[in-house]
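Heads up, the thing below is written out as structure tokens.
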Protein chains: 2
Amino acid sequence: MAADAVVPRLDEQLCFALHAASRAVTGLYRPLLDDLGLTYPQYLVMLSLWEHGDRGVKELGQALCVDSGTLSPLLKRLEKAGLVRRERRGDDERSVRVTLTEEGDRLRAKAVSLPGVVGEAMGLGPAQIDELRTTLHQLTDSVNRYRANLDG
Amino acid sequence: MAADAVVPRLDEQLCFALHAASRAVTGLYRPLLDDLGLTYPQYLVMLSLWEHGDRGVKELGQALCVDSGTLSPLLKRLEKAGLVRRERRGDDERSVRVTLTEEGDRLRAKAVSLPGVVGEAMGLGPAQIDELRTTLHQLTDSVNRYRANLDG
DNA sequence: GGCTATTTAGTTGCGCACAACTTAATCGCT
DNA sequence: AGCGATTAAGTTGTGCGCAACTAAATAGCC
């Protein structure tokens, strides 16, 4: 086999396209989220809380695909910022309930404009966006199933 | 407007689908790259070097969309691992040339199998992959143009 | 030639992602 | 009831991403 054909070019690699796109979008959010005093991963946590009002650390971890090693310090920062409260659950002292504070709830109103701005910046039509999201979910599921089989 | 319709659900957000997919794929690469002693971002640098043999730090930064703040320590680790050499360029002492060592070049052969494994795990057909890559490039370009206009 | 502005790498500091580990509570089995 | 296994959250350490800054070399202008 030809040695120079063995490894694909960087910009042909789907993994890099994904990596680059994800970072570009996060970078687009950054200045917008700065106004709310949030980082992008913190914003994802707030989205989940705005949606459900009340979440356990484990639930948040499953929804966002992160473990407690990432979540614990992040939630501590959100708590210090006054957006969130953490309390041990009464019926199971192991688990922790994360709740929105008044201020955390109010922040939702300031986040309203974000999806619109980001959606516009992406420059894709509704059909393209829909298909992209579907394909990405499919890819993520497939990859995660594959990963689960590696150590399972 | 209805308050509960204001901010989309987490799993409807394209940005999160992107974020999750990118991390899933990186996580899939991790155990494979462990065998080569590389992290994923280091692998991207090696891909660029395998492709061009020889790159300036600035060129690498442009190709991978990262600045010297990320690249410098990463290259230092690759150098310490014996995969790469760094030397000031003669004609312009500001810039640094990054070169593959023998060992770095040999590593290419061990990376041959990666794209196949990852491609299979993604569970997408060739047409889907092609379209996904195109859409992602389009999205990245559009977002980065938008970002350039924010501070430009 | 001399001086400022720009360019290029590198450093520092913070937050996230993740692996490996710790601590504490609960579960489940006998 | 007692006790080992499991589960939940948190801690520690490493590497990446990025902003802000520094140091040194070159470019460009007078």
Side-chain angles (χ1 to χ4, degrees), chain A residues 16 19-31 33-34 37-46 55-62 64-81 84 86-98 144 147 150-151, chain B residues 16 19-31 33-34 37-46 55-62 64-81 84 86-98 144 147 150-151:
Chain A
F16 178 61
H19 188 68
S22 176
R23 287 202 297 127
V25 170
T26 304
L28 172 61
Y29 269 103
R30 192 167 297 112
L33 287 174
D34 271 351
L38 292 175
T39 65
Y40 180 69
Q42 288 166 10
Y43 170 65
L44 295 181
V45 168
M46 295 303 285
R55 301 253 85 181
V57 172
K58 192 193 173 188
E59 284 174 310
L60 283 172
Q62 284 168 342
L64 307 179
C65 305
V66 292
D67 65 3
S68 66
T70 300
L71 224 35
S72 287
L74 187 156
L75 290 172
K76 234 151 103 174
R77 284 185 282 272
L78 285 181
E79 188 175 44
K80 199 162 127 190
V84 138
R86 289 188 299 163
E87 42 194 351
R88 291 278 161 188
R89 229 187 272 274
D91 56 334
D92 186 345
E93 286 281 333
R94 285 175 304 183
S95 68
V96 165
R97 212 166 65 106
V98 183
N144 282 335
R147 289 175 66 193
L150 288 183
D151 40 57
Chain B
F16 177 61
H19 188 68
S22 175
R23 287 202 297 127
V25 171
T26 303
L28 172 61
Y29 269 103
R30 192 167 298 113
L33 288 174
D34 271 352
L38 292 175
T39 65
Y40 181 69
Q42 288 166 10
Y43 170 65
L44 295 180
V45 168
M46 294 303 285
R55 301 252 86 181
V57 172
K58 191 192 174 188
E59 284 174 310
L60 283 173
Q62 285 168 341
L64 307 180
C65 305
V66 291
D67 65 3
S68 66
T70 301
L71 222 36
S72 288
L74 188 156
L75 290 171
K76 233 152 104 174
R77 283 185 283 271
L78 285 180
E79 189 175 43
K80 199 162 129 192
V84 139
R86 290 188 299 163
E87 42 195 352
R88 292 276 160 190
R89 228 186 273 273
D91 56 334
D92 186 346
E93 286 281 333
R94 285 174 304 184
S95 67
V96 166
R97 213 166 64 106
V98 183
N144 282 335
R147 290 175 65 193
L150 288 183
D151 41 56

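Just so we're clear, the structure is a prediction, and the values are computed from it rather than from any experiment. So you know, we letter chains A, B, ... as the sequences are listed, proteins then strands, and number each from 1.
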(request) Run the numbers on B/L60 and B/L75 for side chain to side chain contact (heavy atoms under 4.5 Å, CB included), then give the verdict. (result) CA-CA 10 Å; B/L60 283 173; B/L75 290 171; 4.2 Å; yes

(request) Test side chain to side chain contact (heavy atoms under 4.5 Å, CB included) on B/L71 and B/V45 and set out the steps. (result) CA-CA 9 Å; B/L71 222 36; B/V45 168; 4.1 Å; yes

(message) If you apply the rule side chain to side chain contact (heavy atoms under 4.5 Å, CB included), what do you find for A/M46 with A/L78, and how did you get there?
(response) CA-CA 9 Å; A/M46 295 303 285; A/L78 285 181; 4.2 Å; yes

(request) Go through B/L33 and B/Q42 one step at a time and tell me if the side chain to side chain contact (heavy atoms under 4.5 Å, CB included) criterion holds. (result) CA-CA 10 Å; B/L33 288 174; B/Q42 288 166 10; over 6 Å; no

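With rounding to whole Å, B/Y29 atom OH is found 16 Å from C/dC18 atom P. A straight line from CG of A/L64 to P of C/dC18 spans 12 Å, rounded to a whole angstrom. We find that CZ of A/R147 is positioned 7 Å from P of C/dC18, with the value rounded to whole Å. The CD-P distance, from A/E87 to D/dG10, rounds to 13 Å in whole Å. The CG atom of B/L33 sits 16 Å away from the C1' atom of D/dT14 (whole-angstrom rounding). The CD-C1' distance, from A/E79 to D/dG10, rounds to 13 Å in whole Å. Between the C1' atom of C/dA17 and the CD atom of B/Q42 lies a distance of 15 Å, rounded to the nearest Å. In this structure, CG of B/L71 is placed 14 Å from C1' of C/dT11, rounded to the nearest angstrom.
A donor-acceptor contact shorter than 3.5 Å is absent between the side chain of A/R97 and the backbone of A/E87.
Checked against side-chain hydrogen bond (donor to acceptor under 3.5 Å, both in side chains), B/R55 has the following partners two or more places apart in sequence or in another chain: B/E59. Under the rule for a ring-ring contact (aromatic ring centres under 6.0 Å, His included), the partners of A/Y29 that lie at least two apart in sequence or sit in another chain are A/Y40, A/Y43.
Nucleic acid contact class of B/L74 (heavy atoms, under 4.0 Å, all strands): sugar-phosphate only.
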(message) One character per nucleotide, please: for nucleotides 1-9 of chain D, 5' to 3', B when the base has a protein heavy atom closer than 4.0 Å, S when only the sugar-phosphate does, - otherwise.
(response) ------BSB

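Taking the side chain of B/R30 as heavy atoms from C-beta on, and the options C/dC18, D/dT26, C/dT11, the nearest nucleotide is C/dC18. For B/V66, the listed nucleotide lying nearest its side chain is D/dG17; candidates were D/dA19, D/dG17, C/dT26.
For C/dG15, the OP1/OP2 oxygens have no side-chain nitrogen or oxygen of A/K76 closer than 4.0 Å.
Each of B/D91 and B/T70 was matched to the nucleotide of DNA chain D holding its nearest heavy atom; the match closer to the 5' end belongs to B/T70.
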